[in-house]
Amino acid sequence: MTEYFPEIKKVEYEGNKSRKTLSFKHYNPEEKVGNKSMSDHLRFSVAYWHSFTDRGTDPFGAATIQRPWDEIENPMSKAKERARAAFEFMEKLGLDYFCFHDRDIAPPGDSLKETNDNLDEIVSLFQELMEDKDVELLWGTANLFEHPRYAHGAATSPNSEVFAYAAAQVKKAMEVTKRLGGSNYVFWGGREGYQTLLNTDLGLEQDNLARFLTMAADHAERIGFEGQLLIEPKPMEPTKHQYDFDVEHLAAFLRRYGLERQFKANIEANHATLAGHDFHHELAYARENDLLGSVDANQGDPMLGWDTDQFPTNIYGTTLAMYEILRNNGLAPGGLNFDAKVRRESFKPRDLFAAHIAGIDSFAFGLKVAHRLKEDGVLEEFKQDRYSSFREEVGKKICQNETNFDELESYVIEHIKEPIVLNSGRQEELEGLLNSYITTTN
Ligand code: XLS
Ligand code: NI
Ligand code: NI
């Protein structure tokens with residue numbers, strides 16, 4: 001059997017004293033953190049598009065990425081070799097899951113029928129490889145943004161034939177996701193939005209998006225797909241304004257169209273920052289709204305204003321993310337998908353391994369810190385105390401919806417002595433405390 005990455009051996013856990021770059025310092029899959037193993041907490045997944053299909057082009061430059069299947073000309077043979085190499089990669093890293101778009105894994109044909117046949121052939125190979133390498137599918141999705149037919153959008157295109165084509169494409173993508181035993185199915189509406197309101201019927205586009213998602217949920221039920229349906233918010237890029245701007249917009253949209261029970265959110269760190277939030281905010285907001293389904297784990301560059309999709313290495317960020325995820329009782333059936341790509345200057349296969357190792361270790365480290373923080377209960381205790389006035393007297397009445405403005409006015413006149421005494425927010429003290437948890441050896 002061909003070995004595609006002979007220079008890389010199986011990546012092992014060596015502990016945090018090791019300086020061997022291609023080893024895990026923190027991720028020890030079987031090690032228990034609380035009552036679950038690290039691999040059960042983290043459910044890491046590789047993103048097929050960035051890691052195996054992307055070529056490292058940018059608006060100014062050609063492909064730079066070097067991969068063992070580069071020289072193969074025939075598109076189907078190339079797709080097969082790429083798949084075999086991808087599964088070797090996952091096995092060597094001990095990754096349990098992967099995610100894909102329909103068009104990442106198989107080349108398009110001249111008609112939808114031919115395209116679907118190509119997809120089916122590759123999916124059969126995936127079935128074999130998944131069994132052989134013990135890897136599962138976290139989620140599948142359809143690429144509804146690359147082909148020129150989607151220039152004006154897919155479900156929100158002004159052209160009804162494009163809507164129909166997108167529906168047919170999603171139908172097939174859901175069916176192959178089911179065939180591969182996918183735990184989730186994702187909708188990311190990169191072109192579901194607008195560039196200018198001068199040419200856009202906002203009301204019809206939003207209604208059509210809801211119609212599309214309703215049909216998709218119905219289809220999932222009809223074919224017996226039991227996975228979780230996820231929508232991935234992103235405020236912009238490629239479209240100027242995208243309808244699933246952030247979790248809050250998504251929550252309002254789902255409730256407006258009665259879809260809140262069928263869908264959850266797939267939250268991407270770099271999309272949160274593009275929306276002017278931090279990752280922590282989006283996770284917390286989703287958790288509070290019972291929408292936290294899965295995570296696209298990456299990070300942006302604070303100096304650059306776009307979706308740079310870098311591997312997550314900021315341990316402060318991964319700690320806070322894992323804190324929210326633990327408070328959510330984990331992500332399953334969702335997981336942590338590395339929707340991240342190596343820089344185009346990091347073009348060797350070794351870079352792809354090193355990038356995943358850095359991301360995996362950053363989240364494993366964050367998990368361990370977050371677990372201690374949660375067990376000790378320091379932040380939650382502080383919050384309990386901060387809001388304690390809502391558990392007694394007038395505060396209790398407010399929370400039990402048992403008062404009104406008239407009564408509150410009388411309460412102020414009769415009982416409140418000014419100035420009202422406030423407690424300090426103690427932000428810096430808490431930040432120092434968080435740092436002390438991060439710097440305590442894991
Ligand atoms: C793009 C998105 C995309 C989705 C899947 O910014 O992150 O990669 O995750 O279509
Ligand atoms: Ni993503
Ligand atoms: Ni993204």
Side-chain angles (χ1 to χ4, degrees), residues 43-59 97-105 137-147 150 153-156 166 169-170 173-174 176-177 182-193 209 212-213 216 227-247 250 263-279 282-283 286 292-301 304-312 317 321 331 334-343 359:
R43 299 168 61 81
F44 288 127
S45 153
V46 65
Y48 206 89
W49 53 103
H50 284 313
S51 291
F52 307 113
T53 316
D54 188 79
R55 307 289 302 121
T57 54
D58 75 8
Y97 298 94
F98 73 104
C99 297
F100 74 103
H101 298 84
D102 46 4
R103 302 294 174 259
D104 306 331
I105 65 170
L137 174 60
L138 187 65
W139 49 261
T141 188
N143 179 332
L144 302 179
F145 42 90
E146 194 173 341
H147 193 280
Y150 297 125
T156 61
Q169 197 180 323
V170 168
M174 287 183 124
V176 302
T177 298
S183 300
N184 305 267
Y185 183 89
V186 164
F187 296 85
W188 170 62
R191 297 207 187 268
E192 312 297 21
L209 182 57
F212 191 91
L213 293 168
Q228 172 72 59
L229 303 180
L230 299 167
I231 297 177
E232 184 177 325
K234 184 175 183 182
M236 63 195 81
E237 198 202 283
T239 316
K240 176 185 154 193
H241 183 104
Q242 279 162 217
Y243 296 130
D244 310 315
F245 190 93
D246 61 2
V247 178
L250 174 63
F263 293 88
K264 288 202 171 180
N266 180 38
I267 298 172
E268 179 164 321
N270 206 165
H271 296 184
T273 49
L274 266 183
H277 304 304
D278 45 39
F279 187 27
E282 286 290 82
L283 293 170
L292 180 48
S294 199
V295 164
D296 272 4
N298 62 13
Q299 71 186 28
D301 185 312
L304 301 172
W306 65 89
D307 194 12
T308 57
D309 286 335
Q310 287 166 236
F311 276 83
L331 287 172
L336 290 172
N337 170 46
F338 289 113
D339 193 351
K341 58 183 178 218
V342 287
R343 303 303 85 194

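One-based numbering, in listed order, for ligands and for the atoms of each. Just so you know, these numbers come straight off a predicted model, no measurement behind them.
Under a 4.0 Å criterion applied to the non-hydrogen atoms of D307, ligand 1 contributes the atoms 6 (O). Applying the 4.0 Å criterion to heavy atoms of H101 picks out, from ligand 1, the atoms 5 (C), 10 (O). Less than 4.0 angstrom separates some heavy atom of W49 from each of these atoms of ligand 1: 8 (O).
Nearest protein heavy-atom contact of atom 8 (O) of ligand 1 is D339 OD2, 3.0 Å.
The two residues G190 and T239 come nearest to each other via the heavy atoms O-OG1, 2.7 Å. When all heavy atoms are compared, the tightest approach of Y185 to W139 is N-CB, 4.2 Å.
Considering backbone and side-chain atoms together, W188 places no N or O closer than 3.5 Å to any N or O of ligand 1. Remark: ligand 1 and D309 share no N or O pair separated by less than 3.5 Å (distance only, no angle test). Ligand 1 has an N or O atom lying under 3.5 Å from an N or O atom of E268, backbone or side chain.
Between atom 6 (O) of ligand 1 and the options E232, K341, K234, the minimum heavy-atom separation is to K234.
In this structure, Y97 has its ring center at least 6.0 angstrom away from the ring center of F44.
Note that CZ of F245 is 12.5 Å distant from NE2 of H271, once rounded to the nearest 0.5 Å. If you take SG on C99 and CG on N266, they are separated by 8.0 Å, rounding to the nearest 0.5 Å.
For D307, the N/O/S atom at the shortest distance from the Ni ion (ligand 3) is named OD2.
Contacts between D296 and ligand 1, counted as non-hydrogen atom pairs separated by less than 4.0 Å, involve the side chain only. Using a 4.0 Å cut-off between heavy atoms, N266 makes no contact with ligand 1 at all.
Proximity of K264 to L229: side-chain heavy atoms (C-beta onward) are nowhere separated by under 4.5 Å. Under the 4.5 Å side-chain criterion, counting only non-hydrogen atoms from C-beta, I267 is in contact with F279.
Salt-bridge check for D244 with K234: failed, with every basic side-chain N at 4.0 Å or more from each acidic carboxylate O.
With D339 as reference, D296 is the one residue of N270, V46, D296 to meet the side-chain contact (heavy atoms from CB on, under 4.5 Å) rule. Each of Q169, R191, H101 was evaluated against L144; a single residue qualifies, Q169, per the side-chain contact (heavy atoms from CB on, under 4.5 Å) test.
Not a single heavy atom of H50 lies less than 4.0 angstrom from ligand 1.
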Next on the checklist: Go through it in stages, so that I can follow the logic: the residues are Q310 and N298, the test is side chain to side chain donor-acceptor pair (under 3.5 Å), and I'd like the CA-CA distance, side-chain angles, deciding distance and then a yes or no.
Outcome noted: CA-CA 5 Å; Q310 287 166 236; N298 62 13; over 6 Å; no

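Excluding waters, the set of protein N, O or S atoms lying under 2.8 Å from the Ni ion (ligand 2) comprises E232 OE2, E268 OE1, D296 OD2, D339 OD2.
S51 places no side-chain N or O within 3.5 Å of a backbone atom of Y48 that could act as its donor or acceptor partner.
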